[in-house]
Visitor: 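Starting off with a structure, shown below.
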Amino acid sequence: MLYAGKWDRNGLDYQALKNQWHVVARSEDVVAGQAKAIRLLGEDLVLWRDGKGRIQAWKDYCGHRGAKLSLGCVKDGEIECPYHGWRFNAGGKCTRVPAHPDQAAPASNRLIFRHHAEERYGLIWCSLLKPTRPLPEFPQWEDGSFRKVFAGPYFYKGNALRSVENFLDASHFPFVHAHLNGDPEAPEPLKDYQVFKDERGLHTSEITVFQPYGDHRGIPVTSRYTYWVFNPTTAYFVKKTGETERFCTFLNATPVDADECIIWLIVAINFGENLTEEQILFRQDKVFEQDRLIVESQRPARLPLDMHQEMHVRSDKLGIEYRGWIKELGMETQAQRESAAPATVVLS
Ligand code: FES
Ligand code: CO
């Protein structure tokens, strides 16, 4: 199963992700009255807004004859199936069967599947099962001294966890981002750094990287990166240059399937008033295109969670900790599942 493109549902990576928040769309992508199809962890889902404007994320499935609800529409705060026009309210209850308006609608509670959905930071978040962690932190979102720019989405034919690990990897800059974020002829050794783990996830000490080709302004800088991972598919760094200049990137990788992901990015920056949004996006687009080629080339597609499967050095510390953390989360979920469903005792 090493090269499998679909999720192995018993795999620890899948187990680690099914009860976590994932970004599935931008808030503005889901408009009142319309249903939107998305895919998360190999499941087809439909997003829509109920009468109060609250986001709903359901399995894209009508329990009458199995049609996709996303082909329907939303009327009076209820979703209407495209096939026979049945309607379902925000609670998942069938409220209308047009062929038999005088009869009570059949019970739908076992055949309509609602997932967990929230909105924050201009993004829609979804968890297939009850999430075990809170929504990630993004302190600069509320801070008016930071300008925010949405970048992407970037579509990768690659694994979401591989792409997050790529984002957390500071030793690839001179090669993948040659002559932009480093010099391949004279790559700087990476100084040792620390990785901390607490109830919020992982974070690092400052990692110093010299950028000879400059930052967004083209000024050569020594940058100090601090990384955080709040959620398996949400990572974030604050890059300090100078005393007060901060450049932050809040990255979310939607695990569409085991070998497919979508990257949603928010940049928060407190300097460079003269930089245009186009200049910021131009650089992000270039960097993520360069990363895409590498992540799509990685095999196996899924992130190996056993240490012996790949070679490691000290600069990989964050990636190693990240893999270990994903494995732990997966094992926790698996243990819960086992304790929730005790084996049947067969009496002979
Ligand atoms: Fe949905 Fe018939 S399949 S109403
Ligand atoms: Co990169």
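Indexing begins at 1, ligand by ligand and atom by atom, following the structure's order.
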Visitor: What's the NE2-the Co ion (ligand 2)-OD2 angle here (H172, D291), rounded to 10 degrees?
Guide: 150°
Visitor: Please determine, by modelled atom types, if Y154 and D285 share a side-chain donor-acceptor pair under 3.5 angstrom.
Guide: yes
Visitor: Salt-bridge test for E80 and K75: reply yes if a basic N is under 4.0 Å from a carboxylate O, no otherwise.
Guide: yes
Visitor: For this output row, return yes or no: ring centroids of F210 and F173 closer than 6.0 angstrom.
Guide: no
Visitor: Under 4.0 Å from a heavy atom of Y83: which atoms of ligand 1 are those, numbered in the order shown and with their elements?
Guide: 2 (Fe), 3 (S)
Visitor: Can you list the ligand 1 atoms lying under 4.0 Å from a non-hydrogen atom of C62?
Guide: 1 (Fe), 3 (S), 4 (S)
Visitor: Specify whether an N/O/S atom of H84 falls short of 2.8 Å from atom 2 (Fe) of ligand 1.
Guide: yes
Visitor: Would E165 and R323 pass as an ion pair if we require N to O under 4.0 Å?
Guide: yes
Visitor: Do any N/O/S atoms of D169 come under 2.8 Å of the Co ion (ligand 2)?
Guide: no
Visitor: For the residue pair F230 and P134, establish whether any side-chain heavy-atom pair is separated by less than 4.5 Å.
Guide: no
Visitor: Quick check: of its N, O or S atoms, which one does H64 have closest to atom 2 (Fe) of ligand 1?
Guide: ND1
Visitor: Of all the N, O or S atoms in H177, which has the shortest distance to the Co ion (ligand 2)?
Guide: NE2
Visitor: Look at atom 3 (S) of ligand 1 and say which protein heavy atom is nearest, naming residue and atom and giving the distance to 0.1 Å.
Guide: R65 N, 3.2 Å
Visitor: Hey, can you tell me if F167 and F237 have their rings parallel, tilted or perpendicular (30° and 60° cut-offs)?
Guide: parallel
Visitor: With heavy atoms of C81 as the reference, note each atom of ligand 1 found under 4.0 Å away.
Guide: 1 (Fe), 3 (S), 4 (S)
Visitor: Taking NZ, NE, NH1 and NH2 as the nitrogens, is one of them in E328 or K197 under 4.0 Å from a carboxylate oxygen of the other?
Guide: yes
